[in-house]
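Read the structure below first, then the notes.
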Amino acid sequence: MRWGECTSTQIGRLELESCVGLVPVGATEQHGPHLPTDTDTRIAQAICDGAAARCAATMVLPAVSIGCSLGHGTAFPGTLSLFPEELARLLIRIAEWSARSGLRRLIFVNAHMGNVAALGVATDRLRFVRPDLKSTWLDWWTATPAITAEVMTDGADIHANRAETSLALHLFPELVDRTAMLDADDPDRTGALTFRYTAEVLSGNGVTGQPSRATASLGNTLFDAVVEAVVRKVLAGVSEEPPLARPLHATHALRFEEAIDGHG
């Protein structure tokens, strides 16, 4: 079930207190010469929809389609980006507003590495200032150790690589430039570096990895494994409570947040 496809009346009738919300968190950025700029958003959306199809206790919220893509620089066309603090604020607002309709458990399903810092900030702030809400995030490429091992076969700092291109071949093959894919391999050059750099001085074409080795079959296998991992999180999270439950002090926390915001 997708939030955006429901009427206000329908949402009001749902028992959202007994559901876990899934928020697809993607990006709009250069993805080398062979993948569309909304690749991350499409992957995140598909994972959330796939999990919802297998688990009734799930509501899929609207996707966040612009993430933190500063690491891609400006040399490669197509990137739109927020700063980390802007993305964190947006994620917090999504949690706060969905809670007003009764949805108080959220899992942000992330498909872009550049979003990780903002997701950490957002969920850290939420657990402090809104203890009445429960939130976390899942990066699809680390959903299980087996998935991580498969994803990282062609580098640690990967982008538009074998695994991601395989997901694209499985989920939206009509948008993959297969001719460009076969000649798009570019190695991970970050292994011995001390500092961080943008993609324009790390990659010749915006790719890090070996998309030429991608297959739709691998994409299907990865997709099923990630969706299953998300479903397990949802089922565990529907009724989860803190191990040492204590009275909530949300009002005090909110006043503290207001004090912080009031002083810049």
Side-chain angles (χ1 to χ4, degrees), residues 1-2 20 22-27 29 31-58 60 63-65 67 107-116 119 136-188 203 206-237:
M1 184 179 295
R2 286 186 177 182
V20 173
L22 298 178
V23 183
V25 184
E29 61 186 26
H31 258 76
H34 64 293
L35 293 180
T37 57
D38 67 349
T39 288
D40 292 337
T41 305
R42 288 178 180 273
I43 289 174
Q45 183 74 67
I47 292 169
C48 291
D49 288 342
R54 302 183 192 184
C55 183
T58 306
V60 179
V64 177
S65 60
I107 299 175
F108 296 100
V109 178
N110 181 37
H112 172 50
M113 285 184 175
N115 294 337
V116 171
L119 284 158
T136 190
W137 88 91
L138 181 145
D139 303 318
W140 77 257
W141 60 91
T142 61
T144 70
I147 291 170
T148 302
E150 192 68 63
V151 171
M152 302 296 180
T153 58
D154 48 348
D157 185 38
I158 46 87
H159 187 248
N161 71 328
R162 168 179 169 267
E164 190 171 40
T165 302
S166 292
L167 279 174
L169 288 172
H170 170 60
L171 295 171
F172 41 94
E174 71 284 359
L175 297 180
V176 179
D177 185 332
R178 294 170 186 260
T179 301
M181 178 189 90
L182 296 176
D183 194 35
D185 293 2
D186 205 82
D188 180 0
S203 173
V207 172
T208 305
Q210 298 177 306
S212 67
R213 297 170 53 211
T215 66
S217 176
L218 173 60
N220 186 17
T221 299
L222 283 171
F223 180 74
D224 285 345
V226 175
V227 168
E228 184 57 35
V230 174
V231 169
R232 287 196 298 270
K233 287 286 188 183
V234 170
L235 294 175

Query raised in the report: Below 4.5 Å, heavy atoms only, C-beta onward: do Val20 and Ile107 meet side chain to side chain?
Result: yes

Query raised in the report: Taking the side chain as C-beta and beyond, is there a heavy-atom pair between Asp183 and His34 under 4.5 Å?
Result: no

Query - Euclidean distance, Thr41 OG1 relative to His112 NE2, rounded to 0.5 Å - result: 9.5 Å

Query raised in the report: Is a side-chain N or O of Thr221 found less than 3.5 angstrom from the main chain of Ser217, in a donor-acceptor match?
Result: yes

Query raised in the report: Got a second to check how far Leu222's CG is from Trp141's CH2, nearest 0.5 Å?
Result: 13.5 Å

Report summary line: Taken to the nearest 0.5 Å, the spacing of Ile47 CD1 from Trp140 CH2 works out to 7.0 Å

**Report entry** Contact check, side chains of Glu164 and Thr39, non-hydrogen atoms, under 4.5 Å
**Finding:** yes

Requested in this report: Could you walk me through whether Val226 and Ile147 pass the side chain to side chain contact (heavy atoms under 4.5 Å, CB included) test, one step at a time?
Outcome: CA-CA 8 Å; Val226 175; Ile147 291 170; 3.6 Å; yes

**Report entry** Trp137 CH2 to Asn115 CG distance, which is reported to the nearest 0.5 Å
**Finding:** 11.0 Å

Report task. Please answer whether the main-chain N or O of Glu150 pairs with a side-chain N or O of Arg162 as donor and acceptor at a distance below 3.5 Å. Result -> yes

Query raised in the report: What are the two closest heavy atoms between Pro36 and Phe172, and how far apart are they?
Result: CG-CE1, 3.8 Å

Query raised in the report: What's the spacing between Asn161 CG and Arg213 CZ if we round to 0.5 Å?
Result: 9.5 Å

**Report entry** Heavy atoms of other groups near Met1 CE, more than 12 under 6.0 Å
**Finding:** no

Requested in this report: May I have the step-by-step check of side chain to side chain contact (heavy atoms under 4.5 Å, CB included) for Asp154 and Asp188, ending in yes or no?
Outcome: CA-CA 8 Å; Asp154 48 348; Asp188 180 0; over 6 Å; no

Report summary line: Note: Cys55 and Leu235 closest approach over all heavy atoms is SG-CD2, 3.5 Å

Query raised in the report: Does the pair Gln45 and Arg42 meet the rule for a side chain to side chain donor-acceptor pair (under 3.5 Å), with working shown?
Result: CA-CA 5 Å; Gln45 183 74 67; Arg42 288 178 180 273; over 6 Å; no

Requested in this report: Drop me the distance from Ser212's OG to Leu182's CG, to the nearest 0.5 angstrom.
Outcome: 7.0 Å

Query raised in the report: Is any side-chain heavy atom of Leu138 less than 4.5 Å from a side-chain heavy atom of Asn110?
Result: no

Query raised in the report: Hey, are the side chains of Ile43 and Leu167 touching, using non-hydrogen atoms and a 4.5 Å cut-off?
Result: yes

Query - Criterion side chain to side chain contact (heavy atoms under 4.5 Å, CB included) on Leu175 and Leu35, from CA distance to verdict - result: CA-CA 7 Å; Leu175 297 180; Leu35 293 180; over 6 Å; no

Query raised in the report: What residue among Thr165, Thr37, Asp40 forms side-chain hydrogen bond (donor to acceptor under 3.5 Å, both in side chains) with His31?
Result: Asp40

Query raised in the report: Should the pair Asp49-Arg2 be classified as a salt bridge under the 4.0 Å nitrogen-to-oxygen rule?
Result: yes

**Report entry** Derivation of the side chain to side chain contact (heavy atoms under 4.5 Å, CB included) call for Thr148 and Val151
**Finding:** CA-CA 5 Å; Thr148 302; Val151 171; 5.7 Å; no

Query raised in the report: Shortest non-hydrogen contact from Val207 to Ser203?
Result: O-OG, 2.7 Å

Requested in this report: Could you tell me whether the side chain of Val116 reaches within less than 4.5 Å of the side chain of Asp139, counting heavy atoms only?
Outcome: yes

Query raised in the report: Is it true that Arg54 and Asp224 have a side-chain N and a carboxylate O under 4.0 angstrom from each other?
Result: yes

Query raised in the report: Does the side chain of Thr144 come within less than 4.5 Å of Glu228's, by heavy atoms?
Result: no

Requested in this report: Answer whether the closest heavy-atom distance between the side chains of His159 and Asp186 falls below 4.5 Å.
Outcome: no

Query raised in the report: Does the Ser166 side chain pair with the main chain of Leu218, one donor and one acceptor, at a distance under 3.5 Å?
Result: no

